[in-house]
Every structure is written in C-alpha cells, then in structure tokens.
A.B. asks: 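Here it is, the structure in full.
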Amino acid sequence: MRLDLSHIQRWIAPGSRVLDLGCGDGVFLEFLRDQRQVRGTGLEIDQKYITAAIARGLNVIEQNMDEGLSNFPDQSFDTVVLALALQAVRYPERVLDEMLRIGREGIVTFPNFGHWRCRLMLGLQGHMPVSSFMPYTWYNTPNIHFCTVKDFEDLCVAKDIRIVSREVVGETRDKPLLSNTWPNLFASTAIYRITR
Amino acid sequence: MSAQQSVGIVTPQVARFDEPLALTCGRQLDTYELVYETYGELNASRSNAVLICHALSGNHHAAGYHSADDKKPGWWNECIGPGKPIDTNRFFVVCLNNLGGCHGSTGPSSINPATGRPWGPDFPPLRTRDWVHSQARLADYLGIGCWAAVIGGSLGGMQAMRWSLEFPDRIRHCIVIAAALKLSAQNLAFNEVARQAIESDPDYFGGNYQSSNTVPARGLALARMIGHITYLSDDAMANKFGRDLRSGSLSRGEDSNAEFQVQSYLRYQGSQFSGHFDANTYILMTRALDYFDLALEYDNDPVAAFRHAQCSFLVISFSTDWRFSPERSREIVDALIAAERPVTYAEIDAKEGHDAFLMPIPRYLDVFRAYMRRVGDET
C-alpha cells in the first residue's frame with residue numbers, strides 16, 4: 001500500500017462511513033472494506049480507475065470534484081479522504097470546506113513543496129522541481145496548486161480548521177527523526193487529520 | 001457475433017395467471033398471460049436470477065434467435081449471452097413482454113373475456129407499478145424469491161427503480177440505464193405528438209381498428225419516426241446520413257424533388273415498426289412512461305422514496321442522450337447518495353444518443369461487466 005495510505009488507515013474507525021475523493025482504482029477502499037468493515041464510496045473521473053474500482057465491488061461515482069460536491073449531504077460520512085489530490089484540484093480551499101461539511105473528519109495528504117530537494121532545484125538550479133515523486137514538468141502537470149507544510153497549516157489557521165494529527169513521510173532512507181523535527185524541510189508527503 | 005457468444009436458439013414460453021391483478025387505475029385483470037424467455041440455468045439456491053425489463057417498444061425476445069434462419073437476434077443480444085456483461089454462464093436471465101404488450105402477453109389486441117372481442121382502447125391503462133407487480137407474479141411462478149438484479153434501460157430502468165421500492169426484499173441490485181426519475185415536459189410533448197399521430201389516422205377508429213379490420217399504419221409509422229429521432233443524437237444522424245441524397249439532385253435546373261437518405265431511413269423504420277406493433281399498445285406504453293414519477297407517492301421527494309430501497313444501485317448514462325440526459329441520471333444518483341443507498345455511477349462518452357444503451361460501446365460493456373461480476377460473486 002502507498003505509504004500515505006498505510007498511515008491514514010489507522011485513523012479510520014471500523015465500520016465507519018468513508019468517502020474517498022479521487023479513489024483511483026479503489027485499492028484503499030477495498031482494504032478498508034475488507035479489514036475495517038468500512039462502508040465506502042469513491043469519487044473518480046478516470047475511466048480506467050472507475051472500471052477497476054467497480055471490479056473490486058466498490059461503490060464508485062463518476063464525478064469531477066472541481067464541479068462541486070454539493071450533492072453530498074452535510075455530515076453524511078465519518079471521514080472524507082483526499083489523498084494526494086489537493087494539489088490537483090482547482091479550488092483547494094473550497095474542497096477542504098466541502099470535506100468538513102460532508103464528513104465529521106477529513107484526511108488530507110499532499111506532496112510537500114517545501115522539501116529540501118524542491119528548494120534545491122528551484123533555489124540553486126532555478127528549475128521547477130521534477131522528481132520521481134513529482135515526475136511532471138510544469139507545462140504538463142495535473143498538479144496546479146502546490147503548497148508546503150507551513151502553507152497548509154497557515155490555511156488551516158485562517159479557516160478555523162483544527163488539525164487533529166499530523167504525520168509526515170520522508171524519503172525512505174531518511175531517519176523519521178529528520179522529517180518529524182523539521183517537516184517543512186524533510187517531509188516529502190504530509191498527512192493531516194482535520195476537523196472543525 | 002460469433003456463435004459461442006450467443007445464447008443460441010430460444011423458445012418463448014407462456015405463463016397464465018388466474019388470480020386477479022389489482023391495477024393502479026382501480027380496475028383489475030381477472031386473468032392474463034405473460035410471454036417470456038429465459039437464458040442460462042437457475043442455480044440450486046435460486047440466487048442467480050436476473051430480470052430484464054424492456055423499454056417502450058421492446059419485448060420478451062432479448063437475446064438469441066428464434067430459429068436457425070432468424071436474421072436478427074434479440075434486442076439486447078449485445079449485453080446478454082455467454083461471456084457478455086449479463087453472462088448466461090452465471091445468471092438465469094428472465095425477460096418478459098410486459099402486460100399491455102403486443103408480442104404475446106395480454107394486451108389491447110387480446111380478447112376481452114367479458115365481451116369475446118379484442119380489448120382495443122378499453123384495455124385498462126397501466127402504470128409502471130402494475131408491470132412490476134405482474135413481474136413479481138412471474139417471479140413467484142418461476143420460483144424466484146429474490147432477483148440477483150433487476151435491469152433495464154430507458155422505461156426498463158424506471159421499472160427497475162420501481163422494483164426497488166415496491167419489493168425491496170426481492171431485489172439485491174438495481175441497474176438503471178439511460179433513465180430518469182420522471183419525464184420532462186419536452187418528453188411528455190414528444191409522446192403526445194406520437195399519440196396524436198396515431199389517433200388522427202382515419203384508420204384508427206377511436207382505437208377499435210381491429211373490429212373495423214384496419215390498422216392505423218400511417219399514424220403508427222409517424223409516431224415511430226418521431227420517437228426514433230429522439231433516440232438518436234444530432235451527431236449520430238450527421239454521421240449516418242449527413243445531407244446525402246437518395247435520389248434527385250439539388251442542381252440548378254432540377255425541378256423534381258430530391259430525397260435525403262435520412263427521409264427514406266425514417267420512412268423505412270416507420271413502416272417496419274407499424275407492420276409488427278400494435279397502435280393501442282404504443283399509446284398505452286407512452287402513457288405509462290408519461291405517468292411514471294418515482295417520488296409522486298413519497299411527497300415528491302426522491303430521497304424519501306429511495307430510503308425504502310434496500311438494494312445496491314448501478315446507474316449509467318450516455319453523454320449525447322438528450323431524451324434521458326446524464327443530468328436526469330445524476331438526479332437519480334444524487335437522491336440515492338442523499339438516501340445513503342450504495343450507488344455506482346458511470347457517464348459513458350457515446351455519440352449514439354439514447355440508443356447507446358443498446359449498442360456495444362466498449363466502456364459501457366466494461367463497466368456493465370465489472371458490476372455484473374460483483375452481482376454474480378454475491379449469488
């Protein structure tokens with residue numbers, strides 16, 4: 001399982017209702033269903049992923065979250081997950097609001113643009129960062145709203161969003177100490193559990 | 001279509017019912033017959049039965065052939081058969097001709113036992129609900145307590161939804177393709193024009209054309225032509241016919257009329273249809289379509305309506321379907337989401353318009369097959 005997902009699954013209560021925004025091929029919802037008896041719904045726009053998620057026996061809805069989530073009633077899910085998709089949505093701020101309207105809790109994971117490698121590429125080489133983790137170049141990337149750990153936490157303060165927990169994933173060779181102590185510099189992926 | 005993908009030669013069967021069926025209109029049918037076909041085998045636990053509900057002009061012949069020299073297979077042969085989305089290696093598939101139909105089930109062209117003459121326009125008006133109740137009688141007759149899935153496109157999808165509310169404990173999955181919670185004013189208008197076309201045919205005789213030994217063929221053909229236009233998209237018609245001429249010319253100096261390909265196509269479709277379909281049935285079916293309003297008896301609240309359902313839903317729409325557009329399907333999906341029912345939704349890019357639900361569109365078949373595999377795994 002992808003590293004950010006293996007972190008967040010611990011925050012999901014057995015038997016709860018989970019909405020996964022950008023559920024991909026449904027591997028995470030399948031895990032939650034089989035291991036946690038979670039009643040899950042996935043949202044996805046990629047046709048191949050939709051078929052794959054259906055084949056896993058999941059409930060998946062073809063819907064573009066950039067066009068809104070108003071069809072989901074208030075507080076109709078226990079947890080709303082947005083895993084590695086915040087940077088790709090058109091209105092991240094609105095999506096966060098919607099997540100916390102629809103769910104009791106939200107879980108957000110995103111690539112940290114403040115990571116030292118990003119800073120190195122931009123600061124010293126003068127190029128937009130491209131890495132195995134963020135493999136796109138600026139003109140073809142689906143990622144249109146990069147932020148850093150600090151940026152995200154500032155936004156949460158501004159929007160009265162309470163951070164329940166934060167986890168960070170560093171590079172595999174990193175000691176977790178580095179990314180835990182200086183997350184804005186050493187976290188490659190940031191993972192937040194938020195509520196209002 | 002290769003032979004191993006077909007259910008082969010099938011023989012329609014007839015079920016006769018002698019217990020009166022109370023109808024929504026307040027009248028009842030004392031006795032009636034339903035003609036149906038089945039494909040595949042019912043398993044020992046009777047848990048793999050699937051009901052196919054047909055659309056406006058459909059019938060019980062959904063798959064396979066009636067004889068070795070039959071040229072055309074059943075109307076949903078693309079989706080029903082061995083290895084197809086509705087896999088007859090896994091499912092026992094039942095498709096019937098609805099009550100009021102003209103392909104063998106009791107309908108306006110049947111003899112009214114009370115008079116000894118054809119029912120004609122006196123046949124009781126039917127609602128989707130009545131079809132669902134008669135289908136439940138057929139399920140009893142076949143020994144099927146609970147359908148693994150009830151599946152339908154267009155008006156068939158409306159029957160599937162009605163099943164989920166009328167018999168929530170007799171349906172595990174409800175598959176609704178290119179349908180709507182109710183008809184729009186534009187849809188009602190098209191149906192009214194179709195009925196007017198039939199009723200204004202001098203051979204209609206107020207619906208008593210059988211007694212007069214006539215058939216309102218021109219009116220019925222016209223009704224079908226109007227319907228047919230609404231089943232196709234602008235693009236589909238452009239691709240198929242464009243402005244191609246079948247005869248004549250648009251050159252200067254040409255004083256006879258030119259005929260476009262699309263004209264002759266529509267006329268052919270119309271005359272084919274009027275040769276084998278009953279006008280009173282067409283009127284009855286369009287009215288049932290008009291009257292369908294899923295939430296009417298649930299305070300006009302589709303969310304409250306769907307709270308009565310216990311099954312899982314698959315909803316599919318097609319991008320160029322303007323008869324029952326993706327917006328109509330999303331209304332179904334949103335009501336299901338709000339009612340907290342399990343729902344899967346796919347919007348298929350297709351240029352074929354409403355008719356796409358009958359076509360072998362790869363992504364449509366993939367989604368359908370993936371979902372049906374899940375249905376099959378639960379049997």
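Reminder, nothing fancy here: chain letters follow the sequence lines and each chain counts from 1. On a predicted model such as this, the values are computed, not experimentally measured, just so you know.
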A.B. asks: Heavy-atom cut-off 4.5 Å, strictly under: side chain, backbone, both or neither for A:Arg17 against chain B?
C.D. replies: side chain

A.B. asks: Of B:Asn239, B:Ile361, B:Leu358, B:Asp321, which is the lone residue that meets side chain to side chain contact (heavy atoms under 4.5 Å, CB included) with B:Glu352?
C.D. replies: B:Ile361

A.B. asks: Would the number of heavy atoms belonging to other residues, nucleotides or ligands and lying under 6.0 Å from CD of A:Gln37 be above 12?
C.D. replies: yes

A.B. asks: Which one of A:Val60, A:Asn71, A:Ile61 has the most heavy-atom pairs closer than 4.5 Å to chain B?
C.D. replies: A:Val60

A.B. asks: Would B:His354 and B:Phe324 count as a close aromatic pair, with their ring centres under 6.0 Å?
C.D. replies: yes

A.B. asks: Answer yes if the side chains of A:Glu167 and A:Asn180 hold a donor-acceptor pair under 3.5 Å, and no otherwise.
C.D. replies: no

A.B. asks: Fit a plane to each ring of A:Phe28 and A:Phe31, take the angle between them on a 0 to 90° scale, and name the class: parallel (under 30°), tilted (30 to 60°) or perpendicular (over 60°).
C.D. replies: parallel

A.B. asks: Looking only at side-chain N and O atoms, does B:Ser47 offer a donor or acceptor that is under 3.5 Å from a partner on B:Asn43?
C.D. replies: yes

A.B. asks: Is the CH2 atom of A:Trp182 crowded by more than 12 outside heavy atoms at less than 6.0 Å?
C.D. replies: no

A.B. asks: Are there over 12 heavy-atom neighbours, none belonging to A:Lys159, within less than 6.0 Å of that residue's NZ?
C.D. replies: yes

A.B. asks: Supply the atom-to-atom distance A:Gln47 CD to A:Glu62 CD, rounded to the nearest 0.5 angstrom.
C.D. replies: 6.5 Å

A.B. asks: Working to the nearest 0.5 Å, report the span between CG of A:Asp151 and SG of A:Cys156.
C.D. replies: 11.0 Å

A.B. asks: Where does A:Ile50 contact chain B at under 4.5 Å (heavy atoms): side chain, backbone, both or neither?
C.D. replies: side chain

A.B. asks: Which residues, numbered in order, of residues 364-379 of chain B come under 4.5 angstrom of chain A by heavy-atom distance?
C.D. replies: B:Asp366, B:Val367, B:Ala370, B:Tyr371, B:Arg374

A.B. asks: So which residues of residues 331-346 of chain B are in contact with chain A at a heavy-atom cut-off of under 4.5 Å?
C.D. replies: B:Val333, B:Asp334, B:Ile337, B:Ala338, B:Glu340, B:Pro342, B:Val343, B:Thr344, B:Tyr345, B:Ala346

A.B. asks: Considering residues, nucleotides and ligands other than A:Arg196, do more than 12 of their heavy atoms fall under 6.0 Å from its CZ?
C.D. replies: yes

